[in-house]
Number of protein chains: 2
Amino acid sequence: MSDKNEKKTDCAHEPIEEVSAKMPAEELLYDMADLFKIFGDCTRIKIICALFESELCVNHIAELLSMTQSAISHQLRVLKSARLVKVRREGKTVYYSLADDHIKTIFDQGLEHICE
Amino acid sequence: MSDKNEKKTDCAHEPIEEVSAKMPAEELLYDMADLFKIFGDCTRIKIICALFESELCVNHIAELLSMTQSAISHQLRVLKSARLVKVRREGKTVYYSLADDHIKTIFDQGLEHICE
DNA sequence: TAAACATATGAACAACTGTTCATATGTTTA
DNA sequence: TAAACATATGAACAGTTGTTCATATGTTTA
């Protein structure tokens, strides 16, 4: 018999064509990776974690994490461009807070996975 | 008055000492970042996503993602060392599958956040 | 045992990332 | 308006990361 869809290796699992058909769109998976990439840095995780408690201004986040104002500002920009934080200006100071509740859920899920 | 705990900037938010007290341990946050770092790569996300459907062998994952066997093997090692996948050998072929259900939950939360 | 097959791995390299430093922008106060 | 304060930003640099290439390890079959 000449099966054109024959696999190189003979594995006992579901045909890869079927798996392939069930995969989300390539672009969506890219966006997923990009989202998790944001959470994949300790400084940003700390910032997010701090913002769970309270809206904060840049200087205080820097003070809290014992880091440079510049470093924090750069990271806040990353978080902002990913729509994870929102900004509110009041005179000289700029207040940052979390954009929505999904962030907390994702954080908590990660936490649960770690603590097992 | 000489308030030793005075803040450099006078913001209207919760004192940073209180925020600081509520933060999880430094090490835990590092582990969190490390976990999300794994999800923060498109190749690994795709592998994880494929394994949602079925246990798979290395060659087929490579075929599915149109990538080198070597590249996939390297990434599987990363996933394995983070205990996200488990291994089962059967003769020549090695089958990979997801280690637990938390992975699916984290993935789905990310998906939800994206689709909004 | 030799050949074929399936996977793993080390070295190398390019691309990406996070911090620092210097400085710019924007706001308030004296 | 000048000075002080709060934040943002560009360039540079070191450290990290993902892929490739060549090759090694491990398993089965002829």
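Lettering of chains follows the sequences in order, A, B, ..., and the numbering in each one begins at 1.
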Answer yes or no: is there a donor N or O on one side and an acceptor on the other, between the side chain of R83(A) and the main chain of D100(A), under 3.5 Å? no
Length of the OH-P vector between Y95(A) and dG26(C), whole Å: 20 Å
Does dT29(C) have a Watson-Crick or wobble partner in any strand here, with both distances under 3.5 angstrom, and which is it? dA2(D)
Whether the side chain of S70(A) and the base of dT9(D) hold a donor-acceptor pair under 3.5 Å is what I'd like checked. yes
Over all atoms of both residues, closest heavy-atom pair of L64(A) and I16(B): CD1-O, 3.5 Å
Determine whether I61(A) and Y30(B) fall in the same hydrophobic cluster, where Ile, Leu, Val, Met, Phe, Trp and Tyr are linked whenever their side-chain heavy atoms lie under 4.5 Å apart. no
Think N59(A) has a side-chain N or O under 4.0 angstrom from the OP1 or OP2 of dT7(D)? yes
Separation of atom NZ in K37(B) from atom P in dT17(C), rounded to whole Å: 12 Å
Paired with dT17(C): which nucleotide, if any, by Watson-Crick or G-U wobble criteria at under 3.5 Å for both distances? dA14(D)
Rounded distance in Å - CZ (R89(B)) to P (dT7(C)): 8 Å
Just how far, in rounded Å, is P of dT7(C) from CZ of R77(B)? 16 Å
Is there side-chain contact between Y96(B) and V87(B), with heavy atoms separated by less than 4.5 Å? yes
Who is the Watson-Crick or G-U wobble partner of dA8(C), with both distances under 3.5 Å? dT23(D)
Reckon Y96(A) has a side-chain N or O less than 4.0 Å from the OP1 or OP2 of dA6(D)? no
Length of the line joining R88(B):CZ and dT27(D):P, which is rounded to integer Å: 15 Å
Taking only side-chain N and O atoms of T68(B), does any of them lie within less than 4.0 angstrom of OP1 or OP2 on dT19(D)? no
Integer-rounded Å distance: dA6(D) P and H60(A) NE2: 8 Å
Could you say whether L76(B) or M67(A) is positioned toward the 5' end of DNA chain C, judged by the nucleotide with the nearest heavy atom to each? L76(B)
Side chain Q69(A) and base dA6(D) donor-acceptor under 3.5 Å: no
Separation of atom CG in L79(B) from atom P in dT9(C), rounded to whole Å: 14 Å
Looking at dT9(C), I'd like to know if its phosphate oxygens (OP1 or OP2) sit under 4.0 Å from a side-chain N or O belonging to S73(B). no
Can you work out whether G91(A) or H74(A) has the more 5'-proximal nearest nucleotide on DNA chain C? H74(A)
Measure CD/Q75(B) against C1'/dA8(C) and give the value in whole Å, please. 14 Å
What is the ring orientation for F36(B) with F36(A), classed by angle as parallel under 30°, tilted 30 to 60°, or perpendicular over 60°? parallel
Indicate, with yes or no, if the rings of F107(A) and F52(A) have centres closer together than 6.0 Å. yes
Can you figure out which of dA6(D), dA11(C), dT7(D) approaches the side chain of K92(A) most closely? dA6(D)
Side-chain N or O of R44(A) less than 4.0 angstrom from OP1 or OP2 on dT17(C)? no
